[in-house]
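Below, read A as the first sequence line, B as the second, and so on, with proteins coming before strands; counting in each chain starts at 1.
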Protein chains: 2
Amino acid sequence: MRDEVDDLVEAWRRERGDLDLAPVEVFSRISRLARHLDLARRDAFTAHGIESWEFDVLAALRRAGQPYELSPGRLLRETLVTSGTMTNRVDRLAGRGLVERLPDPRDRRGVLVRLTADGKAAVDGAFEALLAAEADLLADLPDRDRTQLASLLRSLLAPFS
Amino acid sequence: MRDEVDDLVEAWRRERGDLDLAPVEVFSRISRLARHLDLARRDAFTAHGIESWEFDVLAALRRAGQPYELSPGRLLRETLVTSGTMTNRVDRLAGRGLVERLPDPRDRRGVLVRLTADGKAAVDGAFEALLAAEADLLADLPDRDRTQLASLLRSLLAPFS
DNA sequence: GGGAAGTGTCTTGATGTCGAGATATCGGCC
DNA sequence: GGCCGATATCTCGACATCAAGACACTTCCC
């Protein structure tokens with residue numbers, strides 16, 4: 001089986017045969033898979049009426065467990081965006097009624113963002129759709145290979161944590 | 001060895017123990033690795049005075065081989081951006097003298113974008129730096145594992161091509 | 001207690017990308 | 001030969017993000 005990266009590597013080998021292209025075989029595939037995955041996510045979510053960035057925020061709140069509250073600061077660390085972006089996102093999510101902003105009783109500088117019942121329903125539905133879409137992409141991969149792939153990826157990712 | 005995704009999966013399992021989270025183990029790692037990789041790329045390139053989007057365009061031209069010419073349409077398909085974005089990118093690259101725009105002798109609607117000598121030098125240097133940075137990230141992975149990882153990723157990516 | 005440094009959130013201006021539409025040219029068909 | 005849909009590129013307005021700075025409050029230490 002041949003993929004886009006085989007073509008890419010072949011072209012580079014033709015032009016720069018002096019270089020060791022082994023890293024490209026791994027990282028180029030990771031980048032491209034991430035891009036395709038973003039599109040698949042988008043599709044899975046639009047069926048549920050939410051967008052990817054909305055899911056990122058709602059899912060962080062959902063994972064936190066009851067009472068589904070996190071500070072904006074915590075949210076931006078979880079989702080890797082800047083504070084200005086998070087303000088904008090929370091504004092829009094609150095406008096749609098999926099979250100609400102509460103004063104932090106412990107710190108008067110602070111705010112808590114809380115998932116509403118609508119928000120919880122939205123994120124739960126979207127997550128199930130996402131898992132289903134992702135399971136499709138893995139359908140042809142034997143369990144054994146999937147486990148090993150996860151394990152190899154973990155060993156690449158761990159140094160970043 | 002434990003990574004960020006182990007924490008993520010643990011949180012989801014606590015909240016949604018009813019779902020099969022196996023896909024998350026694979027795809028969440030791919031997304032996160034892609035993000036970290038983008039940052040590593042950025043660092044490697046800034047040392048060479050170019051930005052990631054510039055590399056994407058220049059590398060496509062470089063891979064095409066002599067005379068290092070591609071149409072804007074071909075470039076936008078290779079780099080997965082829209083036509084408006086590509087116009088803007090070629091404008092800026094031409095402004096820096098890394099590419100030049102020529103009329104397509106075969107089609108008067110068309111344009112060819114050609115790598116200049118400066119552009120070729122820039123992309124070659126940047127590519128070597130990128131390979132070196134990526135090789136570092138793979139340093140702890142035995143050759144055998146790297147090969148197998150590439151192969152497993154290929155089987156996921158191939159259906160998209 | 002009071003001052004200074006630190007922390008948390010929001011505001012603002014700049015920028016890169018997208019998406020839709022405009023213009024020019026090509027290629028096939030009657 | 002001339003028309004019409006398809007193609008190639010560029011233009012323009014909208015928008016999400018980032019980065020830096022403003023402001024309010026807290027925490028630590030003298």
Decide side chain to side chain contact (heavy atoms under 4.5 Å, CB included) for B:S155 and A:L141; before the verdict, give the C-alpha distance in whole Å, the side-chain angles of both, and the deciding distance to 0.1 Å. CA-CA 8 Å; B:S155 64; A:L141 203 68; 3.5 Å; yes
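- A donor-acceptor distance shorter than 3.5 angstrom exists from the side chain of B:R29 to the backbone of B:E25, with no hydrogens or angles considered.
- When atom types are taken as modelled, the side chain of A:E54 and the backbone of A:E51 share a donor-acceptor pair closer than 3.5 angstrom.
- The CZ atom of B:R106 sits 16 Å away from the C1' atom of D:dA8 (whole-angstrom rounding).
- Atom CG of B:D91 and atom P of D:dT11 are 7 Å apart (whole Å).
- Axis deviation across the helix from C:dG1-D:dC30 to C:dC30-D:dG1 amounts to 10°, comparing end segments of five pairs, rounded to 10 degrees.
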Applying side chain to side chain contact (heavy atoms under 4.5 Å, CB included) to A:L156 and A:I30, what does each step give before you reach the verdict? CA-CA 11 Å; A:L156 276 189; A:I30 288 176; 4.3 Å; yes
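- Side-chain N/O atoms of B:R108 include none lying less than 4.0 angstrom from OP1 or OP2 on C:dT23.
- For A:Y68, the ring pair (Phe, Tyr, Trp, His ring centres under 6.0 Å) criterion is met by no residue, not counting sequence neighbours.
- Place B:D107 and A:W53 on DNA chain D by their nearest nucleotides, and B:D107 ends up nearer the 5' end.
- The backbone N or O of B:P142 lies less than 3.5 Å from no partner atom in the side chain of B:D145, so there is not a single donor-acceptor pair.
- Nucleic acid contact for B:R92: sugar-phosphate only, since backbone atoms but no base atoms lie under 4.0 Å from a heavy atom of the residue.
- A donor-acceptor pair shorter than 3.5 Å can be found between the side chains of B:T82 and B:T85.
- Using a 4.0 Å heavy-atom cutoff across all strands shown, B:R101 reaches sugar-phosphate atoms only and no base atom.
- A:E54 has its CD atom 10 Å from the P atom of D:dA16, to the nearest Å.
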Using the side chain to side chain contact (heavy atoms under 4.5 Å, CB included) rule, take A:E69 and A:L102 through it: C-alpha gap first, then chi angles, then the decisive distance, then the call. CA-CA 9 Å; A:E69 292 175 353; A:L102 313 168; 3.7 Å; yes
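- Among the atoms of the strands shown, base atoms are found under 4.0 Å from some heavy atom of B:N88.
- The stretch residues 56-87 of chain B touches DNA chain D through B:S71, B:P72, B:G73, B:S83, B:G84, B:T87, each having a heavy atom within less than 4.0 Å of the strand.
- Close to C:dC18, at under 4.0 Å from its OP1 or OP2, lies no side-chain N or O of B:R89.
- Protein atom CG of A:D38 is 16 Å distant from nucleotide atom P of C:dT17, rounded to whole Å.
- No more than 12 heavy atoms of other residues, nucleotides or ligands sit less than 6.0 Å from atom CZ of B:R106.
- Residue side chain A:R109 reaches the base of C:dT7 through a donor-acceptor N/O pair under 3.5 Å, judged by distance alone.
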